[in-house]
A.B. asks: 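I have a structure here, written as structure tokens, and I will follow up with some questions on it.
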Protein chains: 2
Amino acid sequence: MIMPRYGDEECCDMRGLLGFLILFLLSKKPMHGQEIADELAKRRGDKPSPGTIYPALKSLKYAGFLREEEKVGKTITYSLTPRGMKAFHIAKRRFTRTFLGVLS
Amino acid sequence: MIMPRYGDEECCDMRGLLGFLILFLLSKKPMHGQEIADELAKRRGDKPSPGTIYPALKSLKYAGFLREEEKVGKTITYSLTPRGMKAFHIAKRRFTRTFLGVLS
DNA sequence: TCATGTATATAGGATATCCGATATATATAA
DNA sequence: TTATATATATCGGATATCCTATATACATGA
């Protein structure tokens, strides 16, 4: 018996969507890591730590979904590749169908 | 180096939302396990296995978010408790803000 | 030059989520 | 009664996700 999967008032922590959210943000406009983290902080309520955001970016880059568009100092601006756009659209379609009706 | 977090065309598997989806479905109407699994199959594309759906229901019940409304044979119909509704609305608000703009 | 602030990098691991395999219980039909 | 279909139950573990801690690099201002 391990159990407690859901806490006091919260029903779930909505993991598994970080990559999707990053692709979504980059589909709007190129951004760098901290910009993305700040935007996620506004949306979710908590800011992903460096140890969260950079490995995610690395994996997405490794998958060919995004590329470094510009690098000024340590600041790396990322943008979606065509492959990344395609992946985003596939995921978005699935997302839309899955959560149809949730947003009243 | 372990890496590959994202596969070929897929950007993420959207875990962490099973509990949220179950609360959402039950907020519409009382359902039993298989009904929920079938509805999720239609939405997500793949049907959660018994080993997925029943432990999830158990945890949600344990958290006080749902209760057995009726039991006919082995078929247990679940419905949200007031506490479950509250948890769902909190989660929904967060969900809405997080994914604002994703559904074009 | 030194201090400070900002941005990125990564190893290692804690935790959560989910699935495969298996078992049990009930109803129905042959 | 036997066979079949349906629904639920649970263990154990594979895997994914994310965070803590730590380190590095660059720019700027004192």
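Chain naming here is simple, since letters A, B, ... match the order of the sequence lines and numbering starts at 1 in each.
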A.B. asks: How about B:Y78 and B:R67: do any of their side-chain heavy atoms sit closer than 4.5 Å?
C.D. replies: no

A.B. asks: With a 4.5 Å limit on heavy-atom distance, are the side chains of B:L40 and B:I53 in contact?
C.D. replies: yes

A.B. asks: A:F20 CZ to D:dC18 P: how many Å, rounded?
C.D. replies: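 These atoms are roughly 14 Å apart.
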
A.B. asks: Quick one: A:K71 NZ to C:dT6 C1', roughly how many Å, whole number?
C.D. replies: 15 Å

A.B. asks: Please confirm whether A:F99 and B:F99 have ring centers closer than 6.0 angstrom.
C.D. replies: no

A.B. asks: What is the distance, to the nearest angstrom, from the CD1 atom on B:I76 to the P atom on C:dA25?
C.D. replies: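 Going from CD1 in B:I76 over to P in C:dA25 covers 13 Å.
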
A.B. asks: Any side-chain N or O of B:K58 under 4.0 Å from OP1/OP2 of D:dT10?
C.D. replies: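 Yes, B:K58 has a side-chain N/O under 4.0 Å of OP1/OP2 on D:dT10.
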
A.B. asks: Would you find a donor on one side and an acceptor on the other, under 3.5 Å apart, between the side chain of B:T81 and the backbone of B:G64?
C.D. replies: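 Looks like yes, one N/O pair under 3.5 Å.
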
A.B. asks: Using whole Å, what does the distance between atom C1' of nucleotide D:dA9 and atom CG of B:L57 come to?
C.D. replies: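 It is 11 Å, rounded to the nearest whole Å.
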
A.B. asks: Is there a residue in residues 34-43 of chain B whose heavy atoms reach under 4.0 Å of DNA chain D, and which residues are they?
C.D. replies: B:Q34

A.B. asks: I want to check something: taking the side chain as every heavy atom from C-beta on, are B:E39 and B:K28 in contact at a cut-off of under 4.5 Å?
C.D. replies: no

A.B. asks: For A:K61, look at atom NZ and say whether over 12 heavy atoms of other residues, nucleotides or ligands are found less than 6.0 Å away.
C.D. replies: no

A.B. asks: Roughly how many Å is it from CG in B:L60 to P in D:dA9, rounded to a whole number?
C.D. replies: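 Checked: the CG to P distance equals 13 Å.
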
A.B. asks: Going by heavy atoms in the side chains, are A:L17 and B:T98 under 4.5 Å from each other?
C.D. replies: no

A.B. asks: Using five pairs at either end of the helix from C:dT1-D:dA30 to C:dA30-D:dT1, determine the angle between the two local helix axes and round it to 10 degrees.
C.D. replies: 10°

A.B. asks: It should be established whether A:Y54 places a side-chain nitrogen or oxygen under 4.0 Å from OP1 or OP2 of nucleotide C:dT8.
C.D. replies: yes

A.B. asks: If a protein heavy atom is under 4.0 Å from the base, mark B; if only from the sugar-phosphate, S; if neither, -; do that for nucleotides 19-30 of chain D going 5' to 3'.
C.D. replies: BBB--BBS----

A.B. asks: Can you tell me how far the OG atom of A:S79 sits from the CD atom of A:E68, to the nearest 0.5 Å?
C.D. replies: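 These two atoms lie 10.0 Å from each other.
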
A.B. asks: If you define the side chain from C-beta out and look only at heavy atoms, does anything of B:L60 sit under 4.5 Å from B:L26?
C.D. replies: no

A.B. asks: In whole Å, what is the span from the CD atom of B:E70 to the P atom of D:dA7?
C.D. replies: 14 Å

A.B. asks: Tell me: OH of B:Y62 to P of D:dT10, nearest whole Å?
C.D. replies: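 So the OH-P distance, B:Y62 to D:dT10, works out to 14 Å.
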
A.B. asks: Look up atom OG in B:S59 and atom CG in B:L66, then write down how far apart they are to the nearest 0.5 Å.
C.D. replies: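 Answer rounded to 0.5 Å: 10.0 Å.
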
A.B. asks: Expressed in angstrom and rounded to an integer, what is the separation of A:I22 atom CD1 from C:dT8 atom P?
C.D. replies: 12 Å

A.B. asks: Could you tell me if the side chain of A:L57 sits less than 4.5 Å from the side chain of A:I76, heavy atoms only?
C.D. replies: no

